[in-house]
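Everything on this sheet refers to the single structure shown next.
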Amino acid sequence: MIDSSSMKKLMDFLSGLMESLAWIVDTLGGGGNLLLMLGSIATNVFSKQMTAGIATTLYNFDQAKSAAADYKATIADLDLQISKLGDSEDDKSMKDNLIRKKQIA
């Protein structure tokens with residue numbers, strides 16, 4: 001069983017803690033100002049990491065654009081090669097191989 005006097009002491013402690021936190025927030029100008037201050041501190045502390053993350057994201061985006069352009073060029077090249085082949089058995093075999101490459105690409 002839980003002792004009621006122990007619970008009262010715990011509740012008094014938590015109440016005092018909350019009152020202290022409210023006093024600190026009010027002293028710093030309220031919740032809005034506190035959030036602005038914490039955001040400013042976080043920006044200063046983590047600015048190098050954020051800059052590196054943004055640079056990495058931009059680099060990855062450029063790499064993805066380049067890969068997409070390469071893919072488009074590969075598909076266009078395969079289509080061109082397929083269109084140049086005739087109806088002989090060798091050409092049909094080559095067409096099948098090129099079509100498989102296109103499906104894999």
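Starting from 1, each residue takes its place in the sequence as its number.
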Next on the checklist: Looking at Asp70, is its backbone amide N or carbonyl O close enough to the side chain of Thr74 to form a donor-acceptor pair, meaning the two atoms are under 3.5 Å apart?
Outcome noted: yes
Item to check | CD-CG distance between Gln103 and Leu98, expressed to the nearest 0.5 angstrom | outcome: 11.5 Å
Next on the checklist: Listing request: all side-chain hydrogen bond (donor to acceptor under 3.5 Å, both in side chains) pairs with a residue in residues 46-59, at least two apart in sequence or in separate chains.
Outcome noted: Tyr59-Gln63
Next on the checklist: Just verifying a value: how many Å separate Asn44 CG and Ser40 OG, rounded to the nearest 0.5 Å?
Outcome noted: 5.0 Å
Checklist entry - Does Asp87 CG have over 12 foreign heavy atoms under 6.0 Å away? => result no
Checklist outcome for this item: CG of Leu78 to CG of Asn97, rounded to nearest 0.5 Å, is 11.0 Å
Checklist outcome for this item: Rounded to the nearest 0.5 angstrom, the CG-CG distance for Asp62 and Leu58 is 7.0 Å
Next on the checklist: Count I, L, V, M, F, W, Y as connected when their side-chain heavy atoms are under 4.5 Å apart, and connections chain through other members. Are Leu21 and Met11 then in the same cluster?
Outcome noted: no
Next on the checklist: Side-chain heavy atoms nearer than 4.5 Å, only ILVMFWY residues, links allowed to pass through others: does that put Val45 and Leu38 together?
Outcome noted: yes
Item to check | Straight-line distance of Leu10 CG to Ser5 OG, nearest 0.5 Å | outcome: 11.5 Å
Item to check | Single-linkage hydrophobic cluster Ile41~Leu36, side-chain heavy atoms < 4.5 angstrom | outcome: no
Checklist entry - Is any side-chain heavy atom of Asp77 closer than 4.5 Å to a side-chain heavy atom of Lys102? => result no
Next on the checklist: How close do Lys95 and Ile82 get, counting heavy atoms only, and between which atoms?
Outcome noted: CE-O, 3.7 Å
Checklist entry - Does a side-chain heavy-atom distance below 4.5 Å link Asp96 with Ser93? => result no
Item to check | Contact check, side chains of Glu19 and Ser15, non-hydrogen atoms, under 4.5 Å | outcome: yes
Checklist outcome for this item: Rounded to the nearest 0.5 Å, the NZ atom of Lys92 sits from the CD1 atom of Ile99 at a distance of 12.0 Å
Checklist entry - Given the rule in the side-chain contact (heavy atoms from CB on, under 4.5 Å) test, do Leu85 and Gln81 qualify, once you have shown the distances and angles that lead to the verdict? => result CA-CA 7 Å; Leu85 294 172; Gln81 290 179 37; 5.8 Å; no
